[in-house]
Amino acid sequence: MSMFDLTGKVAVITGSSRGIGRAAAVSMAEQGARVVVSSRNQTDCDAAAETINAAHPGHAIAVACDITRAADQQHLMDRAREAFGPIDILVCNAATSFMGALLTEITPEQLRESMEVNLFANVGLIQKAVGDMTAREDGAIIIVSSIGGHSGGSPLSGAYAMAKAAETQLARTLAVELGPKNIRVNCVAPGLTRTELARGAWEDPARQAQMLSRTPIKRVAEPEDVAGAIVFLATRAGAFMTGETLIVDGGKTMA
Ligand SMILES: NC(=O)c1ccc[n+]([C@@H]2O[C@H](COP(=O)([O-])OP(=O)(O)OC[C@H]3O[C@@H](n4cnc5c(N)ncnc54)[C@H](OP(=O)(O)O)[C@@H]3O)[C@@H](O)[C@H]2O)c1
C-alpha cells in the first residue's frame, strides 16, 4: 500500500470551494479519501464536489458552513458523519485576509472579526470533530496557517498575522493534548499562492516581483503545491509528525 493512500478515510476540509482547500480536497479524493467540501456558498461547494465525483464517484459531498457560527460547525460534522461515518481528517483551511488596518488604528470589531475567522473558529471545529478521532485513537488535524505568522511584522496584515502565528501554537498545544490518542496536529504555512485571497499580490507585477526577489524558487505557488504538504500530513507518510509547521514558500522564509 502507498504511504500516501487514504482509502477509507473521511476528510472534512473547510474553505474547499476554491483555492488551496479545493486542491487539498481533490488530492485527498485522488488518494481514495471521501471528502466533505465546505465554504459559505453552497453553489460553489456543489460545483467543487461535482468535479470530484466526476472523477471519483461517491467520494464528495458539499455542505455549506460559515466557520464562525457554532451551529454551522456542528451541522458540518453531523452531515459528514451521516454521509461517510466517523471523521479521520480535519483540514482547518478557510480564512479571510483582513488587510488594511494598522494595529494602532484597528477597531475592536475588526480585530474580533479577524480572530474569529482565522483562529477561534478552528478551535470550535476541532472540538466538534475530535471525538471520532479520540474514539478510534487515530486522526490527523491540519491547520493552514501562513508565513505571515512567521516572518517580520507587516503593517497592513497585523491582525491576520497575529491569528496565523497563534495557529502555530494552537497546533503545538493540541499536539501535546492529543498525541497520547495518536492524533497528530500540524500546520502548513504557505507563501504567496495563486488564489483569490492573494490576488492583489500576485496579479500586480510590481508586488509579485518584490515578493519573488527574495524567494529562491522564482514563481508563485499553485494551490497544488500546498495541497501536497496537506496530504502528506494526513497520510501514513506523516504519521510520526506532530506539533510542527511545514513551511511551503519556495524558500522565502529560509532565505
Ligand atoms: N493564497 C495565499 O497566498 C496564502 C498564503 C498564506 C496562507 N494562506 C492561507 O491558505 C488558506 C486558504 O486560502 P486560499 O488562499 O485558498 O483562499 P481563497 O481562494 O480565498 O479560499 C478561501 C476559502 O475559504 C472560504 N471561506 C472564507 N471565509 C469563510 C468562512 N467564514 N466560513 C467558511 N468558509 C469561508 C471561501 O469560500 P466563501 O468565501 O465562499 O465562504 C473559500 O472556499 C487560508 O487559511 C489562508 O490564510 C494563503
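Worth knowing before you read on, the calculation uses all heavy atoms, side chains too, and leaves out hydrogens, waters and symmetry mates. Order of appearance sets the numbers: ligands from 1, and atoms from 1 within every ligand.
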Checklist line | Side-chain heavy atoms of V10 within contact of P86, under 4.5 Å | finding: no
Item checked: Side chain, backbone, both or neither: the part of R194 lying under 4.0 Å from ligand 1 by heavy atom -> neither
Checklist line | Of the listed options G149, S146, G191, closest to atom 4 (C) of ligand 1 (non-hydrogen atoms) | finding: G191
Notebook entry, point to check: Would you say ligand 1 has an N or O under 3.5 Å from any N or O of I20?
Noted result: yes
Checklist line | Close N or O approach (S38, ligand 1; < 3.5 Å) | finding: no
Item checked: Top protein contact for atom 25 (C) of ligand 1, by heavy-atom distance -> G15 CA, 3.7 Å
Notebook entry, point to check: What pair of heavy atoms forms the shortest contact from R214 to P216, and how long is it?
Noted result: O-CD, 3.8 Å
Check: Looking only at heavy atoms, is any part of P223 under 4.0 Å from ligand 1, and if so is it the side chain, the backbone, or both, or is it neither?
Finding: neither
Next item on the list: Identify, by atom number and element, the atoms of ligand 1 in contact range of V144, meaning under 4.0 Å from any of its heavy atoms.
Entry: 9 (C), 10 (O), 11 (C), 45 (O)
Check: Would D138 and K9 pass as an ion pair if we require N to O under 4.0 Å?
Finding: yes
Note to self: Between D78 and Q74, is there a side-chain donor-acceptor contact under 3.5 Å, judged purely by atom types and distance?
What the structure shows: yes
Margin query: Less than 4.5 Å apart, side chain to side chain, heavy atoms only: is that true for P190 and I20?
Written below: yes
Check: Got a second to check how far S39's OG is from R18's CZ, nearest 0.5 Å?
Finding: 7.0 Å
Item checked: Proximal candidate to atom 40 (O) of ligand 1 [heavy atom criterion; set A201, S39, A227, A24] -> S39
Checklist line | Interfacing atoms of ligand 1 (cut-off 4.0 Å, heavy-atom, N41) | finding: 40 (O)
Checklist line | Nearest-contact summary for atom 3 (O) of ligand 1 - protein heavy atom, Å | finding: T193 N, 2.8 Å
Margin query: If you measure every N or O of I67 against every N or O of ligand 1, does any of those distances drop under 3.5 Å?
Written below: yes
Next item on the list: Could you establish whether Y160 and ligand 1 come within less than 4.0 Å of each other, counting only heavy atoms on the residue side?
Entry: yes
Next item on the list: Identify, by atom number and element, the atoms of ligand 1 in contact range of T96, meaning under 4.0 Å from any of its heavy atoms.
Entry: 27 (C), 28 (N)
Item checked: Minimum-distance protein heavy atom relative to atom 13 (O) of ligand 1 -> L197 CD1, 4.1 Å
Check: atom 44 (C) of ligand 1: which protein heavy atom is closest, and how many Å away?
Finding: N93 O, 3.1 Å
Checklist line | Option set Q73, R18, K164, R40, criterion heavy-atom distance to atom 28 (N) of ligand 1, minimum | finding: R40
Checklist line | Separation of M254 CE from D249 CG (nearest 0.5 Å) | finding: 8.0 Å
Notebook entry, point to check: Quick one: does A189 get a heavy atom under 4.0 Å from ligand 1?
Noted result: no
Checklist line | Exercise: do Q169 and R172 side chains pair donor with acceptor under 3.5 Å | finding: yes
Item checked: Per-atom contacts, ligand 1 versus A198 - under 4.0 Å to a heavy atom -> 1 (N), 2 (C), 3 (O)
Checklist line | Distance filter under 4.0 Å to S17 heavy atoms, resulting ligand 1 atoms | finding: 37 (O), 42 (C), 43 (O)
Notebook entry, point to check: Which of the atoms of ligand 1 are close to L192, meaning less than 4.0 Å from one of its heavy atoms?
Noted result: 3 (O)
Item checked: Hydrophobic cluster membership, M77 vs I126, 4.5 Å side-chain cutoff -> yes
Note to self: Membership question, hydrophobic clusters at under 4.5 Å side-chain separation (ILVMFWY): are I183 and I87 in the same one?
What the structure shows: yes
Checklist line | Closest protein heavy atom (residue, atom, distance) for atom 34 (N) of ligand 1 | finding: A94 CB, 3.5 Å
Note to self: Suppose we measure from atom 7 (C) of ligand 1 to each protein heavy atom; which comes out shortest, and what is that distance?
What the structure shows: S145 O, 3.2 Å
Notebook entry, point to check: What's the shortest heavy-atom distance between F240 and R184, and which atoms?
Noted result: N-CD, 4.3 Å
Margin query: Please list the nearest protein heavy atom to atom 31 (N) of ligand 1 with its residue and the distance rounded to 0.1 Å.
Written below: D66 OD1, 3.2 Å
Item checked: Side chain proximity check, I230 to V91, heavy atoms < 4.5 angstrom -> yes
Check: Where does V117 meet ligand 1, judged by heavy-atom distances below 4.0 Å: at the side chain, the backbone, both, or neither?
Finding: side chain
Check: Under 4.0 angstrom from ligand 1, any heavy atom of S97?
Finding: no
Next item on the list: Report the part of C65 in contact with ligand 1, treating N, CA, C, O as backbone and CB onward as side chain, heavy atoms under 4.0 Å; options are side chain, backbone, both, neither.
Entry: backbone
Next item on the list: Quick one: look up the protein heavy atom nearest atom 15 (O) of ligand 1 and list residue, atom name and how far away it is.
Entry: T195 OG1, 2.5 Å
Checklist line | Pair D5, Q31: side-chain N/O donor-acceptor within cut-off below 3.5 Å | finding: no
Next item on the list: Give a yes-or-no answer on whether the side chains of T68 and D66 include a donor-acceptor pair shorter than 3.5 Å.
Entry: yes
Item checked: Minimum heavy-atom distance I67-V117, with the two atoms named -> CD1-O, 3.4 Å
Notebook entry, point to check: Salt bridge check: are D72 and R79 linked by an N-O gap of less than 4.0 Å?
Noted result: no
